[in-house]
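The sequence lines fix the lettering, A, B, ..., with proteins before strands; numbering per chain opens at 1.
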Amino acid sequence: MFAPPFSKLTFAKKQLQCQIQIFFRKTIMSAASKALSQGASKTTNNAMPRTAITPTRADNYPEWYQQVVDQADLAETSPVRGCMVIKPWGYGLWEQMQQKLDKRFKDTGHVNAYFPLLIPLRLLQKEADHVEGFAKECAVVTHHRLATDASGKLVPASPLEEPMVIRPTSETIIGEVYAGWVKSYRDLPILINQWANVFRWEMRTRLFLRTAEFLWQEGHTVHATAAEAQAETELMWQVYADFMQDCLAMPVFMGRKSANERFPGAVESYSLEAMMQDGKALQMGTSHNLGQNFSKSANIQFLDKDGQHKHAYTTSWGVSTRMVGGLIMAHGDDDGLILPPRIAPSQLVIIPVVRDAAGEDALLDHCSKLASQLGSLSYAGESVRVHLDKRDMRGGDKFWEWVKRGIPIRLEVGLREMEQGTVTLYRRDQGSKDRITLTHDQLAQQLPTMLQEIQDNLFARAKAYQQDRTYHITNRQEFEAIFAKGEDGVGSKPLGFAIAPWAGDGALEDALKKDFAVTVRCILTTPPPAGSRCAFTDQPAREMVVLAKSY
RNA sequence: CGGGGUGUAGCGCAGCCUGGUAGCGCAUCUGCUUUGGGAGCAGAGGGCCGGGAGUUCGAAUCUCUCCACCCCGACCA
């Protein structure tokens with residue numbers, strides 16, 4: 001066994017500096033290179049507990065995020081620039097989100113429909129602000145055929161008379177269609193949602209957080225009055241908030257968007273802002289009151305009860321696969337993903353501990369029965385989702401794989417448990433070695449409660465973190481304590497959200513963005529305390545804003 | 001679109017300066033040993049070295065030229 005040249009280690013220097021130093025001293029070089037090539041620490045040193053994910057959140061948050069996406073088997077980059085492959089465990093998460101949201105949409109009177117992927121250029125052209133907002137990031141289809149050139153290569157042929165854009169969002173095409181549907185006040189309201197993919201030519205992409213193509217839902221509604229449209233916008237905003245808190249166990253700040261941050265073409269945008277564990281904000285969803293902007297550009301008119309032709313009022317609202325990224329960064333730890341039970345694709349995994357072939361069949365049979373027994377229980381109005389992991393792998397590998405995937409509960413069942421009629425249970429919201437032994441009856445009795453405990457626990461943790469990192473500030477010095485970098489590259493307070501009385505304008509927002517990379521995430525609905533003054537301009541405060549760095 | 005970098009086995013890399021047709025770790029497969037935790041030992045399979053052209057007896061290595069991707073900026077759910 002000889003030591004490999006140091007250069008071999010350089011690529012991972014950043015993540016593994018600490019480990020490398022230890023390894024060098026101990027000259028366990030084979031262990032080190034093994035660890036490096038797996039992108040995971042294999043240290044056996046007690047002084048530094050081994051984590052399933054390397055680096056840790058504290059060491060390198062962005063890299064930790066990428067590793068979790070990889071190690072939890074959620075998604076990977078694809079051969080297509082900027083586009084991801086969502087793998088079954090990641091897609092399962094999205095399916096759970098879809099299911100829960102869809103129910104809420106239906107419960108509030110909406111129905112689903114589907115509109116075309118391609119949008120003729122002239123439609124996009126119609127709304128000026130909208131054009132300006134999306135023009136730079138559209139993929140454009142210009143040909144409708146492929147031909148082979150002299151060298152046998154496929155080349156686009158037959159140019160389209162009018163190019164089409166791949167929808168970056170569907171306001172324009174849906175507006176065009178709605179214009180044909182709406183004639184009378186009797187046709188209103190229209191309450192439609194679409195589950196779809198959209199495409200935006202993003203410069204820099206990160207799995208789930210910003211990819212060129214992503215999956216989302218977009219609700220598009222039409223109303224007879226401004227008040228109805230406003231009510232719809234706020235209703236769906238609230239539906240999102242309930243979903244995020246109840247299912248994703250994520251607390252959010254809710255507020256209006258400033259003119260700078262508003263959706264192109266909207267009169268008012270309302271957002272939900274969640275805090276990630278690095279103190280940065282992630283916009284989890286938006287609900288827009290589009291006023292008459294799109295109904296005028298698409299000519300959505302109706303004959304009202306009073307015999308007058310009027311332009312309708314429209315709204316749109318959406319959330320995307322980006323929420324998966326938010327979920328990872330809100331709940332994950334240094335051992336990987338942690339999933340709230342309500343949206344976990346599987347809530348419980350049974351890992352049979354097989355010692356030798358002798359008892360294997362009986363054990364698997366025993367576990368299958370246990371799985372169906374547990375699967376017949378219900379939690380949060382649904383059957384408990386149980387997975388039996390029968391794969392022919394070593395137990396330890398399976399154990400850690402499920403830790404990294406974030407499954408809420410792991411059960412181990414070996415011959416010993418089988419004989420005793422017990423299981424060994426581990427909760428993902430507790431230490432990876434913390435286990436309890438339960439009889440089947442105890443388990444069946446306690447499981448639903450335990451799932452809810454995990455759900456509540458995750459929310460409470462996220463909420464505590466959010467509150468801990470939310471600072472109420474009244475002046476610029478307090479702002480800079482959070483966001484201005486000192487000599488060591490960090491502020492004197494941990495990065496987080498600042499809530500400030502505000503009387504600023506777009507120019508001030510631009511300045512804060514330029515100097516501190518901080519933006520107004522949203523304008524809270526709560527008014528500023530009487531007599532309070534803007535933290536930056538010292539003018540009488542108009543409103544309270546949430547300031548943060550964001551994804 | 002500006003600045004920098006990288007393309008060698010599934011993944012991560014070495015080899016290139018000083019040309020002699022390819023190596024390491026992990027992963028994979030097989031056997032034995034292990035087994036309440038992310039194994040051990042032994043063996044095996046896997047690469048026209050991003051594409052093309054040139055120099056040369058000979059190119060992963062030198063020259064030219066394309067192409068792709070990554071990082072930093074401008075943009076964003």
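Residue contacts shown for A:R435 include a base, since a base heavy atom lies under 4.0 Å away. If you check every strand for non-hydrogen atoms under 4.0 Å, A:F214 touches a base. Nucleic acid contact for A:S271: none, since no nucleic acid atom lies under 4.0 Å from a heavy atom of the residue. Residue-level contact check: A:T437 touches neither bases nor backbone, having no heavy atom under 4.0 Å from any strand. Note on A:L282: nothing from the nucleic acid sits closer than 4.0 angstrom, heavy atoms only.
Pairs of residues two or more places apart, or lying in two chains, that qualify as salt bridge (Lys or Arg N to Asp or Glu O under 4.0 Å) and include a residue from residues 512-525 of chain A are A:E261-A:R521, A:E273-A:R521. Counting only residues at least two apart or in different chains, side-chain hydrogen bond (donor to acceptor under 3.5 Å, both in side chains) contacts with residues 241-255 of chain A comprise A:Q238-A:D242. For the ring-ring contact (aromatic ring centres under 6.0 Å, His included) condition, no pair includes a residue of residues 403-422 of chain A, sequence neighbours left out.
Using a 3.5 Å distance cut-off with no hydrogens or angles, the side chains of A:Q67 and A:E63 do pair a donor with an acceptor. For the residue pair A:N60 and A:Y65, no side-chain donor N or O sits within less than 3.5 Å of a side-chain acceptor on the partner.
For RNA chain B, the neighbouring residues in residues 392-400 of chain A, judged by any heavy atom under 4.0 Å, are A:R394, A:G396, A:D397, A:W400. Shown for residues 404-417 of chain A: residues whose heavy atoms fall under 4.0 angstrom of RNA chain B, namely A:K404, A:E412, A:G414, A:L415, A:R416, A:E417. Taken residue by residue, residues 506-524 of chain A places no heavy atom nearer than 4.0 Å to RNA chain B.
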Got a list of protein N/O to nucleotides 68-72 of chain B N/O distances below 3.5 Å?
unit_1	atom_1	unit_2	atom_2	d
B:C72	OP1	A:R204	NH2	3.0
B:C72	OP2	A:R204	NE	3.2
B:C72	OP2	A:R204	NH2	2.4

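Nucleotide B:G23 is matched to B:C13 when pairs are restricted to Watson-Crick or G-U wobble geometry with both distances under 3.5 angstrom. A 3.5 Å limit on both hydrogen-bonding distances identifies B:G43 as the Watson-Crick or G-U partner of B:C29. Judged by Watson-Crick or G-U wobble contacts below 3.5 Å, the nucleotide B:G54 has B:C62 as its partner. Remark: B:A68 base-pairs with B:U6; criterion is Watson-Crick or G-U wobble with both hydrogen-bond distances under 3.5 Å.
Using cut-offs of 30° and 60° for the angle between ring planes, the A:W216 and A:F214 rings count as perpendicular.
Take A:W400 and apply the ring-ring contact (aromatic ring centres under 6.0 Å, His included) test, not counting sequence neighbours, and it matches no residue. Remark: A:F497 pairs with A:F253 by the ring-ring contact (aromatic ring centres under 6.0 Å, His included) rule, at least two apart or across chains. By the ring-ring contact (aromatic ring centres under 6.0 Å, His included) test, A:H130 is found to be paired with A:F134, A:F263, A:F294, residues two or more places apart in sequence or in another chain being considered.
Relative to the side chain of A:M203, the nucleotides B:G36, B:A77, B:A74 differ in distance, and B:A74 lies closest.
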Using residues 317-340 of chain A as the side-chain source, report each donor-acceptor pair under 3.5 Å to any protein atom, sequence neighbours left out, with the distance given to one decimal.
unit_1	atom_1	unit_2	atom_2	d
A:W317	NE1	A:E232	OE2	3.3
A:W317	NE1	A:T315	OG1	3.4
A:S320	OG	A:R322	N	3.0
A:T321	OG1	A:L215	N	3.4
A:T321	OG1	A:L215	O	3.4
A:R322	NE	A:L209	O	3.1
A:R322	NH1	A:Q283	O	3.4
A:H331	NE2	A:L248	O	2.8
A:H331	NE2	A:A249	O	3.3
A:D333	OD1	A:D335	N	2.8
A:D333	OD1	A:G336	N	3.3
A:D333	OD1	A:R428	NH2	2.8
A:D333	OD2	A:R428	NH1	3.1
A:D334	OD1	A:R57	N	3.0
A:D334	OD1	A:R57	NE	2.9
A:D335	OD1	A:A52	N	2.8

Only pairs under 3.5 Å count here: list side-chain donor-acceptor contacts from residues 406-419 of chain A, not counting sequence neighbours, and write none if there are none.
unit_1	atom_1	unit_2	atom_2	d
A:E417	OE1	A:G414	N	2.9
A:E417	OE2	A:T424	OG1	2.5

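Computed from coordinates, the A:Q71 CD to B:C11 P distance equals 15 Å when rounded to whole Å.
Outside the 6.0 Å centre-distance limit, the rings of A:H220 and A:H110 are not counted as a close aromatic pair. Ring-centre distance between A:Y61 and A:W64: below the 6.0 Å cut-off.
Taking OG from A:S368 and CG from A:L388, the interatomic distance works out to 5.0 Å, rounded to the nearest 0.5 Å.
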